[in-house]
Amino acid sequence: MNKTKKMTTMALLCALSYIAMFASRFLPPLFAAFPFLKYDPKDVIIVIGGFVYGPLSAFTISLIVSLIEMITVSGTHIIGCLMNIAASCAFACTASAIYHKYRNVKGGMTGLLVGIVSAVATMMILNYILTPIYTGMPREAVADLLIPAILPFNVIKCVLNAALVMLIYKPVTKVLRQSGLMEKKPNTSSAKSNITIIITAIFLLASCAGALCIING
């Protein structure tokens, strides 16, 4: 693989991931009752980078974007940066590691599912341990938020990100191949598989929308 093309593509994915994060800051919170829990779609791009180049690349993109976020727009400083890296890696590195072992639709879907579980579990633990340190909230108050707020928020966030990966992975990689930034490979996925992925993604998006309607009343 051409190293220059890979570095260029990685830089582009970092830029897209940062733009996605920055744009999401202008979105309304997912939970009206907990406005401090903001949806961040940057992991969608990080997963795509991991699916293309492997889990180490997913970690690299996560590290770079989180560091830039910390010094530009974030108010949570180093602890927030570490939590961002941990959350992104738990999702993206896990998903891409499984996908690179089983490079097919089933491997990708399994990777995303395991990534969701890994990221949700990681954020439950880190929020309990680290949130009181950088927010000044009593640990008991944070513990009281774990089940009603932090758990459903992270589940919905990760499911949304997984659904978006399903929808845009092929279009993004197609553009990268057409632009010469990725090696061209024969399309081995069937039309039936593509339809299954799209239907699954739409179902997940609809499920998240329904859950948010119920939570927000």
Side-chain angles (χ1 to χ4, degrees), residues 9-32 34-53 55 57-70 72-76 80-81 83-96 99 108-109 111-113 115-120 122-123 126-127 149-173 175-176 197-198 200-212 215-216:
T9 306
M10 290 278 288
L12 176 61
L13 293 173
C14 286
L16 291 174
S17 182
Y18 180 86
I19 291 169
M21 176 280 301
F22 185 81
S24 70
R25 299 176 73 85
F26 300 97
L27 295 174
L30 291 181
F31 295 178
F34 305 103
F36 57 91
L37 295 173
K38 298 286 288 183
Y39 171 62
D40 182 353
K42 69 174 179 287
D43 288 351
V44 175
I45 308 300
I46 296 173
V47 170
I48 291 174
F51 276 15
V52 173
Y53 294 122
S57 294
F59 169 76
T60 302
I61 297 171
S62 171
L63 177 64
I64 292 171
V65 174
S66 295
L67 287 172
I68 297 174
E69 178 182 355
M70 179 184 69
T72 55
V73 296
S74 177
T76 56
C81 178
M83 290 179 70
N84 278 333
I85 295 170
S88 293
C89 288
F91 181 49
C93 294
T94 301
S96 56
Y99 177 66
M109 302 281 268
L112 289 171
L113 175 60
I116 289 170
V117 174
S118 175
V120 170
T122 298
M123 292 314 295
L126 291 182
N127 271 285
I150 294 172
L151 175 61
F153 169 78
N154 280 290
V155 170
I156 291 173
K157 182 186 81 168
C158 290
V159 171
L160 280 173
N161 285 342
L164 291 173
V165 170
M166 294 178 197
L167 288 175
I168 73 170
Y169 173 70
K170 283 191 174 296
V172 169
T173 53
V175 170
L176 291 175
I197 292 171
I198 293 172
T200 302
I202 292 173
F203 172 77
L204 292 177
L205 291 174
S207 298
C208 289
L212 288 173
I215 291 170
N216 291 318

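Residues I46 and A58 come closest through the heavy atom pair CG2-O, 3.4 Å.
Looking at residues two or more places apart in sequence or on another chain, you find no ring pair (Phe, Tyr, Trp, His ring centres under 6.0 Å) involving F31. Applying the side-chain hydrogen bond (donor to acceptor under 3.5 Å, both in side chains) criterion to T173, with sequence neighbours excluded, gives no partner residue.
The distance from atom OG of S66 to atom OH of Y18, rounded to the nearest 0.5 Å, is 11.5 Å. S207 contributes atom OG, which lies 11.5 Å from atom CD1 of I202 (distance to the nearest 0.5 angstrom). To the nearest 0.5 Å, the span separating CG on N127 from CG on L37 amounts to 8.0 Å. A distance of 11.5 Å separates OG1 of T60 from CG of L13, quoted to the nearest 0.5 Å. Separating the CD1 atom in I85 from the CG atom in L126 is a distance of 11.5 Å, to the nearest 0.5 Å. Residue T200 holds its OG1 atom at 6.0 Å from CE of M166, rounded to the nearest 0.5 Å.
Within the 3.5 Å criterion, the main-chain N or O of A87 finds no donor-acceptor partner in the side chain of T122. Under the 3.5 Å distance criterion, the side-chain polar atoms of S118 are matched with a main-chain donor or acceptor of A90. Side-chain atoms of K157 do not come within 3.5 Å of backbone N or O of V120 as any donor-acceptor pair. The main-chain N or O of C93 is found under 3.5 Å from a side-chain atom of S96 such that the two form a donor-acceptor pair.
Other residues, nucleotides and ligands contribute over 12 non-hydrogen atoms within 6.0 Å of the OH atom of Y169.
Classified by interplanar angle (parallel below 30°, tilted 30° to 60°, perpendicular above 60°), the ring pair F36/F34 is perpendicular.
Under the 4.5 Å side-chain criterion, counting only non-hydrogen atoms from C-beta, T9 is not in contact with V52. With contacts defined as side-chain heavy-atom distances shorter than 4.5 Å, the pair M10/I64 does not qualify.
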Go through the steps for S88 and K42 under the test side chain to side chain contact (heavy atoms under 4.5 Å, CB included), then give the verdict. CA-CA 8 Å; S88 293; K42 69 174 179 287; 3.9 Å; yes
